[in-house]
Amino acid sequence: MIVKIPHTLAVFPISIVQKITELSARQIRYYEEQGLIAPGRNKGNQRIFSLQDIERLLEIKSLIDQGVNIAGIHAIYSKKKKDNNIEGK
DNA sequence: TTTCTCACA
DNA sequence: TGTGAGTA
C-alpha cells in the first residue's frame, strides 16, 4: 500500500535537523528566534521540525554561505510571498 | 541521554 | 556563534 506523507508533518528532533542541514543547534535555534523558521513544540517543550522546516533551513544555509544576513533573508522570504501572490492569481 | 533556556566570552 | 550551567 502507498501512503503519502505530508511535508508539513513535524516529527524530527533538532539532532536530526542538525545532521541533515549541517547547522549547529545554536544556529537552528537562533534562526527560529529571528523568525526564519517556525518549528512546533512537543509536550516537553522540545522543537519538532517538519520536512518543510528542514528545506527552509537548507535554503537559509545556502543564503548565509552567499553572505546574506538575517535581514537580507527576511527580505527574500517576504519577496517570495509577494511573488507567490502574484503567480497565485 | 538529549534538548531547552539563559548568560557570558 | 560557541559553550557551560541547571532543568525537564
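Computation of the quantities below employed the complete heavy-atom set of this structure, encompassing side-chain atoms and omitting hydrogens, waters and symmetry-equivalent molecules. Protein chains get the first letters and strands the later ones, always in sequence-line order, with residue 1 at the start of each. What you are looking at is a predicted structure, and each value in this text was computed from that prediction instead of being measured.
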Exercise for the section: Can you sort out the partners of Asn69(A) under side chain to side chain contact (heavy atoms under 4.5 Å, CB included), two or more places apart, ordered by chain and number? Expected result: Ala71(A)

Side-chain donor/acceptor pairs under 3.5 Å, residues 14-22 of chain A, sequence neighbours excluded:
{"residue": "Thr21(A)", "atom": "OG1", "partner": "Val17(A)", "partner atom": "O", "Å": "2.7"}
{"residue": "Thr21(A)", "atom": "OG1", "partner": "Leu23(A)", "partner atom": "N", "Å": "3.3"}
{"residue": "Glu22(A)", "atom": "OE1", "partner": "Lys61(A)", "partner atom": "NZ", "Å": "3.2"}

Exercise for the section: Return the set of residues passing side chain to side chain donor-acceptor pair (under 3.5 Å) with His7(A) (not counting sequence neighbours), or none when no residue passes. Expected result: Glu55(A)

Completion exercise
In B/S/- notation (B base, S sugar-phosphate only, - none; protein heavy atoms under 4.0 Å), nucleotides 2-7 of chain B written 5' to 3' is -SSB--

Fill in the blank from the handout: Sequence neighbours excluded, the answer for side chain to side chain contact (heavy atoms under 4.5 Å, CB included) partners of Thr8(A) is Pro6(A), Gln52(A)

Problem - Residue pair Phe12(A) / Leu51(A), side-chain heavy-atom distance below 4.5 Å - result: yes

Problem - Listed partners of Lys79(A) passing side chain to side chain donor-acceptor pair (under 3.5 Å), at least two apart - result: Asp83(A)

Problem - Side chain to side chain, Ile37(A) and Phe49(A), heavy atoms closer than 4.5 Å - result: yes

Practice task
Apply side chain to side chain donor-acceptor pair (under 3.5 Å) to Arg47(A) and list each qualifying residue two or more places apart in sequence or on a separate chain.
Solution key: Glu32(A)

Handout entry: Cluster link Ile48(A) to Ile54(A), ILVMFWY, side chain under 4.5 Å
Key = no

Handout entry: Results of side chain to side chain donor-acceptor pair (under 3.5 Å) for Asp65(A) - residues two or more places apart only
Key = none

Handout entry: Of residues 58-75 of chain A, the positions that come close to DNA chain C - non-hydrogen atoms, cut-off under 4.0 Å
Key = none

Practice task
Taking the side chain as every heavy atom from C-beta outward, state whether Leu57(A) and Ile60(A) have any atom pair closer than 4.5 Å.
Solution key: yes

Exercise for the section: Could you tell me from which nucleotide to which nucleotide of DNA chain C, 5' to 3', there is an atom under 4.0 Å from chain A heavy atoms? Expected result: dT1(C) to dT3(C)

Practice task
Dot-bracket notation for DNA chain C is requested: 5' to 3', Watson-Crick or G-U wobble pairs only, both distances under 3.5 Å, with ( ), [ ], | and . as defined.
Solution key: ||||||.|

Fill in the blank from the handout: Residues at least two apart in sequence or cross-chain that pass side chain to side chain contact (heavy atoms under 4.5 Å, CB included) with Glu59(A), listed by chain then number, are Tyr77(A), Lys80(A)

